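Input: a single structure, listed below in structure tokens.
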Amino acid sequence: MITIKSNREIELMREAGHIVALAHQAVADAIKPGISTQELDKIAYDVIVSHGATPSFLNYNGYPATICASINEVVVHGIPNKRTILKDGDIISVDIGACFKGYHGDCAKTHLVGHVSEEVKQLVEVTKASLLAGLKFARPGNRLSDISHAIEEYVSKYGYGVIKDYTGHGIGHALHEDPAIPNYGPSGRGVILKKGMTLAIEPMIALGTWRVRILKDGWTSVTIDNLPCSHHEHTIVITDDGYEILTKIKGEEIDV
Ligand code: MF3
Ligand code: CO
């Protein structure tokens, strides 16, 4: 069931989104060659709890950390670890969720570590731009899959792989609510978007194949060709004439 959020609920999600954005900023400021993903996890944890929120991912289906830290060929769900150290030329996707007074915000960004090849830089830029291409269709009256289709169409010009094993999702009182939001497929399908729907839209785009496998830890998802993958995600609410990004620092203007 897809729920329509009240103004009170949306305000709590704005607050959750603000805290997620603050955690992202603190992590982004710390990213440099030599830092471990466990240190990044601690930074995000401290920001979230000091603002009266709880990390959405910690203990979710047994997930053992605050953030997902997915380096290079890791698609999603990279588990922070003190032996996983960032090095020059890496990309790292950081995914953070926070729950404030019972409502979640969920946001992922991919960062460059030092000097990254032009080819991989483009992958990261196109992934971010594909989210914006999808968001252009996020407005009342459109169909859910208009967003999905726009993401795939944008990415297809570059020949990248659109990850199919993971999707975006509704979000609110639960981290994952209906509907699932694939990053591919024909337009004109799925529910009609309505004001007050809250959605997490999250293209995961690979330089090579979209096919993934899960490592023995049961979480870490990697591309089977070991080529890098990028991830960009925002939580949004459908408004009267479009959408509002909820996972941003209050008062800040962002495109995507
Ligand atoms: N952004 C991801 C998602 O929405 C992160 C979930 S990680 C998990 O599915 F640990 F919570 F599963
Ligand atoms: Co998500």
Side-chain angles (χ1 to χ4, degrees), residues 2-3 5 13 16-17 19-21 23-24 27-28 37-38 40-42 44-45 48-49 53-71 74-81 84 91-100 102-111 127-128 130-131 134-135 138 144 147-148 151 162-184 197-206 210 212 214-215 217-222 229-238 243 245-248 256:
I2 303 171
T3 58
K5 270 68 175 184
M13 291 183 70
I19 295 165
V20 168
H24 262 294
V27 169
T37 53
Q38 186 166 85
L40 299 178
D41 193 73
K42 170 88 167 74
Y45 178 86
I48 291 168
V49 299
T54 52
S56 304
F57 305 164
L58 187 61
N59 302 321
Y60 181 88
N61 292 337
Y63 187 75
T66 293
I67 71 170
C68 300
S70 307
I71 299 174
V74 179
V75 175
V76 286
H77 305 160
I79 301 172
N81 186 290
T84 305
I91 59 169
I92 177 172
S93 304
V94 177
D95 196 346
I96 308 180
C99 183
F100 182 74
Y103 286 86
H104 294 269
D106 186 5
C107 177
K109 296 173 193 291
T110 299
H111 300 281
T127 302
K128 197 169 169 177
S130 77
L131 175 56
L135 288 175
L144 183 69
I147 298 174
S148 311
I151 293 170
V162 175
I163 303 296
K164 298 194 167 49
D165 294 54
Y166 308 96
T167 65
H169 48 93
I171 178 169
H173 198 50
L175 175 63
H176 293 143
E177 298 184 353
D178 288 341
I181 312 171
N183 297 301
Y184 61 93
M197 287 181 176
T198 46
L199 308 171
I201 304 175
E202 47 181 320
M204 289 146 271
I205 308 298
W210 57 268
V212 304
I214 309 287
L215 301 188
D217 62 21
W219 281 102
T220 312
S221 172
V222 300
C229 183
S230 177
H231 184 194
H232 205 77
E233 172 181 29
H234 274 301
T235 299
I236 64 157
V237 58
I238 303 294
Y243 64 92
I245 293 179
L246 298 175
T247 34
K248 69 176 184 71
V256 72

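First listed ligand is number 1; within each ligand, the first listed atom is number 1. Note that the coordinates shown come from a computational prediction; the quantities given were computed from them, not determined experimentally. What you see below is based on every heavy atom in this structure, not just the backbone, and it leaves out hydrogens, waters and symmetry mates.
Classified by interplanar angle (parallel below 30°, tilted 30° to 60°, perpendicular above 60°), the ring pair H111/H24 is tilted. Between H173 and Y103, the angle of the ring planes lies from 30° to 60°, which puts this pair in the tilted group.
For the atom pair I91 CD1 and T127 OG1, the distance stands at 7.5 Å (nearest 0.5 Å).
For K128, the NZ atom counts as loosely surrounded, since its 6.0 Å shell holds 12 or fewer non-hydrogen atoms of other residues, nucleotides or ligands. Under a cut-off of 6.0 angstrom, the local environment of CZ in F57 is crowded, with over 12 non-hydrogen atoms contributed by other residues, nucleotides or ligands.
Taking only nitrogen or oxygen atoms, main chain and side chain alike, H231 does not reach within less than 3.5 Å of ligand 1. Taking distance alone, with nitrogen or oxygen atoms compared against 3.5 Å, Y60 stays at or beyond that limit from ligand 1. Close N/O approach between H77 and ligand 1 is not found [any backbone or side-chain N/O within under 3.5 Å].
At least one heavy atom of D106 sits less than 4.0 Å from an atom of ligand 1. In this structure, W219 is part of the shell of residues with a heavy atom less than 4.0 angstrom from ligand 1. Residue A108 places no heavy atom under 4.0 Å from ligand 1.
Judged by distance alone, the side chains of Y166 and H231 never bring a donor and an acceptor atom under 3.5 Å apart.
Taking 4.5 Å as the limit, every side-chain heavy atom of T235 sits out of range of all side-chain heavy atoms of V20. Two residues are said to be in side-chain contact when any heavy atoms from C-beta on lie closer than 4.5 Å; P80 and I67 meet this criterion.
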### Task
Kindly indicate, with the supporting measurements, whether the criterion side-chain contact (heavy atoms from CB on, under 4.5 Å) is fulfilled by C229 and V75.
CA-CA 5 Å; C229 183; V75 175; 3.8 Å; yes
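Heavy atoms from both the backbone and the side chain of F57 come within less than 4.0 Å of ligand 1. In S56, neither the side chain nor the backbone holds a heavy atom less than 4.0 Å from any atom of ligand 1.
The distance cut-off of 2.8 Å around the Co ion (ligand 2) captures these protein N, O or S atoms, sorted by chain and number: D106 OD2, H169 NE2, E202 OE2, E233 OE2.
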